[in-house]
Amino acid sequence: MASSKIKTIGVLTSGGDAPGMNAAIRAVVRRGLSRGLKVKGILKGYDGLMEETIKDMRAADVSDTIERGGTVLYTARCAEMRTEEGVLKAVETCRKHGIEGLVVIGGDGSFRGAEKLANHGVNVVGLPGTIDLDIACTEYTIGFDTAVNTAMEAIDKVRDTSASHERCSIIEVMGRNAGYLALWCGIANGAEDILLPEKYDYDEQKIIDNIIENRRRGKAHHIIINAEGIGHSASMARRIEAATGIETRATILGHMQRGGSPTAKDRVYASIMGCMAVDLLMEGKTKRVVGYRHGAFQDFDINEALAMTKEISDYEVEIAASLSHNYNKYDQMNMSELITEE
Ligand code: F6P
């Protein structure tokens, strides 16, 4: 039974949904109940605290959810939570419903909201839920593994038709301002070019030269993975076709990357993180974010986590390029420097 002072916790999902969020919710609910806590599900992210759409969660409410994409609690991006008035309303709802501890599953924006609640006495723990992998304190975010596998399978399919028609294909993947999904897909799909917001120099002539060179070497297709943060795939395709004379098509994978049944990794990691969140709250901890770093699950102060930065690895970018035969882009780089930098 609970030895903590906290008797009731809440859980919500906020921001873009991500496969594995249900596994995390399930873990929070079942871990909480098994420790003698009351668990409340807040519907539609922070909107649920504005509108008081809150329900008591029983173990059965999360049955048959671990294998489902999306989030059974629904999600939203709540503009009101960015105002002081909204925060106070959320705090008041927590007080009214006896929610002393809150697990917030989402990205950096959601953690900022959580931090404000904590300043008003609600104990909070954040879990990193986003397909973008753009949370600095962690090397893993709930949903990334599934999203990258979903995109990889879709790109394999585009590649089949691209090769049959001897076309160039630009495939745009999500990631907001981060290039992690694009880099992983680029390596996993053996793309000829990978355009990352963190690295792209907007020199289209280099891409055009690569396409012409690849065609000269007898390659039937040319796959370019373009990150959402760069965008403009359709106009890029038109310019490339005009410059190379090679038919070029743009495919934007879009929201299909956010759906689907989570991979084993997303189910297991999200389950562990969900349990950790409950354990932290029961230990009386607040303003924490759970992350996975250097091979271990850890928790961080929420402000320190929000202040952290992380960068796409130059070494991995170079590896992706070298495996695609585009040596010309990277032959000026000093390899030993790249390796020791990481
Ligand atoms: O953060 C997840 C994400 O899918 C980003 O990759 C993308 O930029 C954004 O959400 C799209 O948001 P929305 O679903 O609101 O269009």
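Order of listing sets the numbers, starting from 1, for every ligand and every atom in it. Only this structure's heavy atoms are used, side chains among them; waters, hydrogens and symmetry mates stay out. Numbers for residues simply follow the sequence, beginning at 1.
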Does NZ or CZ of Lys89 lie under 6.0 Å from the centre of the six-membered ring of Tyr46, at an angle within 45° of the ring axis? no
Flag the pair Asp201 and Lys206 as a salt bridge only when some basic side-chain nitrogen lies within less than 4.0 angstrom of an acidic carboxylate oxygen. yes
Starting from atom 4 (O) of ligand 1, locate the nearest protein heavy atom and write down its residue, its atom name and how far away it is, to 0.1 Å. Arg258 NH1, 2.8 Å
Would you say Gln257 touches ligand 1, if touching means a heavy atom closer than 4.0 Å? no
For ligand 1, which is the ligand I care about here, please tell me if Met174 has any N or O atom under 3.5 Å from one of the ligand's N or O atoms. no
Identify the closest protein heavy atom to atom 9 (C) of ligand 1: which residue and atom is it, and at what distance? Arg176 NH2, 3.5 Å
Taking only non-hydrogen atoms of Gly175 and a 4.0 Å limit, the atoms of ligand 1 in range are 6 (O)
Validation row, ring centre Tyr292 to ring centre Tyr269 under 6.0 Å: yes
Any side-chain to backbone donor/acceptor pair from Glu241 onto Thr248? Under 3.5 Å, distance only. yes
Starting from the C-alpha separation in whole Å, work towards a yes-or-no answer on side-chain hydrogen bond (donor to acceptor under 3.5 Å, both in side chains) for Asn177 and Asp134. CA-CA 8 Å; Asn177 300 317; Asp134 61 349; over 6 Å; no
Do Glu213 and Lys219 sit within salt-bridge range, that is, some charged N less than 4.0 Å from a carboxylate O? no
Say whether, by atom type as modelled, one donor and one acceptor occur between the side chain of Arg249 and the main chain of Ser169 under 3.5 angstrom. no
Numbered in order shown, the ligand 1 atoms found under 4.0 Å of a heavy atom of Glu228 are 5 (C), 6 (O), 7 (C), 8 (O)
Atom 6 (O) of ligand 1 has as its nearest protein heavy atom Asp132 OD1, 2.7 Å
To the nearest 0.1 Å, how far is atom 16 (O) of ligand 1 from its closest protein heavy atom, and which atom is that? His255 NE2, 3.2 Å
The closest protein heavy-atom partner of atom 12 (O) of ligand 1 is Arg77 NH2, 2.9 Å
